[in-house]
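All heavy atoms count here, side chains included; hydrogens, waters and symmetry mates do not.
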Amino acid sequence: MSGDAVPSGVVLLTDRWQARRPLTAVVAAAVAGGVRWVVLREKDLFREARAALAAELRVILADAGGRLVVAGPDPLDGDAVHLPAAGPYPPPAAGLVGRSCHDAAELARLTTEDYVTLSPVFPTRTKPGYGPPLHPAGLRELIAISPVPVLALGGIETPDRVAACVAAGAAGVAVLGAIMRADDPTEVATTLTAAAVPEAVTPVISRNQ
């Protein structure tokens with residue numbers, strides 16, 4: 001995968017407390033369903049355990065040409081991080097840097113970040129009461145002023161919601177509960193990934209023009 005690539009399609013956020021199988025098994029199943037980007041959260045783990053988990057997930061993703069991003073400023077021996085809106089500013093030097101944003105003011109603070117998440121787009125079971133939700137219209141407005149590609153995040157659990165976010169201009173969607181809680185993560189990932197691909201539109205040009 002090229003070094004300048006940014007997350008797109010369906011990006012999986014991890015949460016082993018919500019996963020119905022061991023986390024590595026859920027990630028492997030999601031990768032089998034087309035996921036190529038994973039953001040490792042699990043911030044309650046000690047660094048050694050988290051770094052070991054990151055190493056396992058990198059192997060799973062590398063076999064499919066995917067990439068792991070680590071939540072927090074410590075890349076855990078990798079080169080890709082996703083930072084909270086609160087900081088640090090400026091972002092640390094890394095091969096790939098993302099940041100969580102929620103409004104225009106936070107987008108205006110960006111400096112050298114490569115991409116952002118915008119949330120919550122829809123009400124979310126993972127963080128109930130977190131909001132207010134942007135909905136696709138609000139997402140579209142913020143994407144229009146974002147200096148970097150945007151991943152939509154929050155309550156994105158169905159193909160229709162994925163498609164609505166992509167139609168609003170998102171480069172992809174970040175998904176947690178829909179895959180972590182799934183009985184069949186591969187099936188869910190396959191369905192959501194298919195919906196994240198914008199339909200190709202071929203303009204019809206008259207030869208008489």
Side-chain angles (χ1 to χ4, degrees), residues 1 3 5-7 9-102 106 113-120 124-130 151-157 172-186 188-189 192:
M1 184 167 291
V6 297
V10 173
V11 179
L12 176 61
L13 307 183
T14 73
D15 186 339
R16 72 190 190 285
W17 297 111
Q18 296 195 48
R20 296 192 175 186
R21 307 180 194 175
L23 187 61
T24 52
V26 175
V27 170
V31 169
V35 168
R36 294 295 178 264
W37 291 89
V38 174
V39 178
L40 173 63
R41 297 166 72 246
E42 317 312 321
K43 296 181 182 180
D44 58 319
L45 291 174
F46 288 114
R47 187 189 188 280
E48 183 178 358
R50 199 164 175 247
L53 179 56
E56 289 186 72
L57 297 183
R58 286 192 185 101
V59 171
I60 294 170
L61 283 157
D63 288 344
R67 190 169 181 187
L68 183 74
V69 181
V70 176
D74 181 354
L76 301 176
D77 305 320
D79 66 347
V81 295
H82 186 90
L83 306 173
Y89 288 95
L96 178 71
V97 179
R99 189 179 296 278
S100 298
C101 291
H102 311 87
E106 290 175 353
E113 291 86 343
D114 299 295
Y115 75 93
V116 297
T117 57
L118 282 172
S119 65
T124 170
R125 287 189 287 167
T126 301
K127 291 185 177 180
Y130 184 63
L151 298 177
L153 168 64
I156 303 169
E157 299 186 350
V173 297
V175 175
L176 192 155
I179 291 177
M180 286 288 125
R181 294 190 290 260
D183 292 325
D184 187 341
T186 299
V188 173
L192 297 182

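For the pair Asp114 (side chain) and Val97 (backbone), a donor-acceptor distance under 3.5 Å is present. The main-chain N or O of Ala19 is never found under 3.5 Å from a side-chain atom of Arg181 such that the two would form a donor-acceptor pair. Put simply, the side chain of Thr186 gets close to the backbone of Ala29: a donor and an acceptor are under 3.5 Å apart. Looking only at distances, no side-chain donor or acceptor of Arg41 sits under 3.5 Å from a matching main-chain atom of Ala71.
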Between Val11 and Val69, does a side chain to side chain contact (heavy atoms under 4.5 Å, CB included) hold up when you go through it step by step? CA-CA 10 Å; Val11 179; Val69 181; over 6 Å; no
Take Val31 and Arg36, measure what side chain to side chain contact (heavy atoms under 4.5 Å, CB included) needs, and give me the verdict at the end. CA-CA 6 Å; Val31 169; Arg36 294 295 178 264; 3.6 Å; yes
Check step by step if side chain to side chain contact (heavy atoms under 4.5 Å, CB included) holds for Asp74 and Val70. CA-CA 7 Å; Asp74 181 354; Val70 176; 5.9 Å; no
Please step through side chain to side chain contact (heavy atoms under 4.5 Å, CB included) for the pair Arg16 and Leu45, ending with a clear verdict. CA-CA 11 Å; Arg16 72 190 190 285; Leu45 291 174; 3.3 Å; yes
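Leu13 and Leu176 make their closest contact through O-CG, 3.5 Å (heavy atoms, listed as atom of the first residue, atom of the second, distance). Minimum interatomic distance between Ala174 and Ile156 (heavy atoms only, all atoms of both residues): O-CD1, 4.4 Å. Of all heavy-atom pairs between Trp37 and Leu61, the closest is N-CD2, 4.4 Å. Of all heavy-atom pairs between Val38 and Val27, the closest is CG2-CG1, 4.0 Å. Of all heavy-atom pairs spanning Ala189 and Val35, the tightest one is CB-CG2, 4.0 Å. Residues Glu157 and Ala178 approach most closely at CA-CB, 3.8 Å, considering heavy atoms.
No side-chain heavy atom of Thr117 sits less than 4.5 Å from a side-chain heavy atom of Pro7. In this structure the side chain of Pro73 never reaches within 4.5 angstrom of the side chain of Val81, judged on heavy atoms.
A salt bridge links Arg67 with Asp79: the closest approach of a Lys/Arg side-chain nitrogen to an acidic carboxylate oxygen falls below 4.0 angstrom. Ion pairing between Arg50 and Glu42 fails under the 4.0 Å rule for side-chain N and carboxylate O.
Distance CG/Asp15 to NZ/Lys43: 11.5 Å, rounded to 0.5 Å. Expressed to the nearest 0.5 Å, how far CG of Leu57 lies from CG of Leu23 amounts to 6.0 Å. A distance of 10.0 Å separates CG of Leu12 from CG of Leu68, quoted to the nearest 0.5 Å. Rounding to the nearest 0.5 Å gives a distance of 10.0 Å between OG of Ser100 and CG of Leu151.
Not counting sequence neighbours, the partners of Asp183 by the salt bridge (Lys or Arg N to Asp or Glu O under 4.0 Å) test are Arg20. Under the rule for a salt bridge (Lys or Arg N to Asp or Glu O under 4.0 Å), the partners of Asp77 that lie at least two apart in sequence or sit in another chain are Arg47.
Within the structure, the ring-ring contact (aromatic ring centres under 6.0 Å, His included) test picks out the following pairs touching residues 66-97 (sequence neighbours left out): His82-Tyr115.
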